[in-house]
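First the proteins, then the strands, lettered A, B, ... as listed; each starts at 1.
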Amino acid sequence: MSRNVLSAHFPSISAPAVVAAAEEDGSFKAPGTAEFYWPLIGGDNNWALTRPSVVLLISVALLGWFFITAASRLQLVPTRRQFLVEGVYGFVRNSIGRDVIGEREFRPFLPLLFTVFTMILLNNVFGIVPFVQFPTMSRVAFPIVLTLAVYVTYHVVAIRRKHGVVGYFKSLVPAGLPRWLVPIMFVLEVATYFFIRPLTLALRLFGNMLAGHLMLLVFILGGEYLLLRGGNVLLAFSGVMSFAFAIVMTFFELLVEFLQAFIFTILTALYLADAVSESH
Amino acid sequence: MALLSVVTAAEGPGWPTALPLLPQPAEMLTGIVAFGILYWLYKTKVVPRLEELYAARAAAIEGGMHKAEEAQAQAQAALEQYQAQLREARAEASRIREDAKAQGATILAELRSQAAAEASRITETAHKQIEAERQQALVSLRGEVGRISVDLASRVVGESLHDETRQKGIVDRFLAELESGDVVREKVGAPRAEDA
């Protein structure tokens, strides 16, 4: 199953294999969600080490190395690399953390926000980096892990700030509502805070990355098929056009990748701001 | 949870085809570990240092602003001082100018009176000198005129009258009469009243 994915990443190496595979029944087999399961060690196994896991670990190593070495030699007047680090950090710190959570409260949440943002951004960008070319976040496990961290954090913070679980639940319903509206609001707010928010947070990131990568796969594999197996000049030409569109979509993916990292982080900040605020 | 237990119970879970959109346990675990490691690294080694930097930079900027404010205040004070000094100096200058004017006026008046006195003195001296010279000239003229007249008379008479005139004081008397205005001018050749 990983053969098709491989061919997308290394077309020159594995193109004959795809051709051979396609020749079995002669028709084009569109890439699907099955292409995203890609074990390196072990096959169809719950504990198989998958390629996205390895990519994620590599991303952690890269991010850790990059930011720790940069942070260990900071200067008041920045060097070029420090300028980059400060740019990313300043964006998360000021534009997301401080502006959303507020001047007084945002500092304790900076590690979380920065972890979420850099981890998502780098792993998303891996989706179009040559030789990696797989967005880690298109495996739903990773968005779920990040969402879990955010979810636990904002609930714990809110319970601490709002004087216990009871206080937290009381704070969900805004004061001054008509009596008959209170139960409805309560149900809605509980659903929002406990189910809808984590679900949308995780699925938005996962869905965007999955769909984007799937689209690239379709255009590249389809283009390849049209070019090599189309049989006439017109179909070969449409294959070339498909490749061209895949390149356009790659740039579009870059935008989506950044945007998703930004959205995930700013929503995290919003939920945290909600948690630390005095009233709902 | 129920789904996961089903998955583990099955012989081959069917990750690629049957469960492509569910979290694979190994990936969940890797994700948690990776997130934990990165979070810990950031929390201990990256964020505190960057925050320190921000604080230091804010302090530097604030310090700079404080310094600038101080400098501005100093400059303002200096400016006021200079302006006060300038005002004082102007007042002083105008006072000095007034004094000088007044002093100049008095000096001028003094000089004028001095000059006037000097002038009158010089005039007086000149007058006196002229008077003296006139007297001197008068005296010498008197002698000379007498002598010349006597000479003339002597020629007319034919002998020296000098001794006689000196004895009789004729010339002096004549001159005295002349000075007192007793002598009446007569035409030459006309007979003199006294002689007649």
K.L.:
Using a 4.5 Å cut-off on heavy atoms from C-beta on, say whether the side chain of A/R73 contacts that of B/R49.
P.N.:
no

K.L.:
Check A/A48 against B/A26 and note the closest heavy-atom contact, atom names and distance.
P.N.:
O-CB, 3.3 Å

K.L.:
Taking every heavy-atom pair that is under 4.5 Å apart, which of A/P52, A/S72, A/A61 has the most such pairs with chain B?
P.N.:
A/S72

K.L.:
Which atoms of A/N94 come close to chain B, meaning under 4.5 Å heavy atom to heavy atom: side chain ones, backbone ones, both, or neither?
P.N.:
side chain

K.L.:
What's the separation between atom CZ in A/F142 and atom OG1 in B/T30, rounded to the nearest 0.5 Å?
P.N.:
5.5 Å

K.L.:
Between B/L53 and A/Q82, is a side chain to side chain contact (heavy atoms under 4.5 Å, CB included) present by the stated rule, with each step listed?
P.N.:
CA-CA 11 Å; B/L53 176 79; A/Q82 190 188 331; 3.5 Å; yes

K.L.:
Taking every heavy-atom pair that is under 4.5 Å apart, which of A/V116, A/L74, A/L210, A/L110 has the most such pairs with chain B?
P.N.:
A/L74

K.L.:
We want to know whether A/Y37 and B/E27 form a side-chain donor-acceptor pair, criterion being a heavy-atom distance below 3.5 angstrom.
P.N.:
no

K.L.:
Can you check whether A/R93 reaches B/Y54 side chain to side chain, under 4.5 Å on heavy atoms?
P.N.:
yes

K.L.:
To the nearest 0.5 Å, how far apart are CD in A/Q75 and CZ in B/R57?
P.N.:
10.0 Å

K.L.:
If you count every heavy atom of other residues, nucleotides or ligands that lies below 6.0 Å from A/F258 atom CZ, does the total exceed 12?
P.N.:
yes

K.L.:
I need the minimum non-hydrogen distance between B/A34 and A/L56, along with the two atoms involved.
P.N.:
CB-CD2, 3.5 Å

K.L.:
Give a yes or no on whether A/R107 atom CZ has more than 12 heavy-atom contacts from other residues, nucleotides or ligands under 6.0 Å away.
P.N.:
yes

K.L.:
Tell me, side chain or backbone of B/A60 under 4.5 Å from chain A's heavy atoms, or both, or neither?
P.N.:
side chain

K.L.:
CD1/A/I144 to CD1/B/I32 distance, rounded to the nearest 0.5 angstrom?
P.N.:
10.0 Å

K.L.:
Above 12 or not: heavy atoms from other molecules or residues under 6.0 Å from CD of B/Q85?
P.N.:
yes

K.L.:
What do you reckon, is CD of B/Q136 surrounded by more than 12 foreign heavy atoms closer than 6.0 Å?
P.N.:
no

K.L.:
Find out whether A/I68 and B/Y42 are in side-chain contact, i.e. whether some heavy atom of one side chain is under 4.5 Å from a heavy atom of the other.
P.N.:
no

K.L.:
Kindly indicate whether the side chain of A/F114, heavy atoms from C-beta on, has any atom under 4.5 Å from the side chain of B/L38.
P.N.:
no

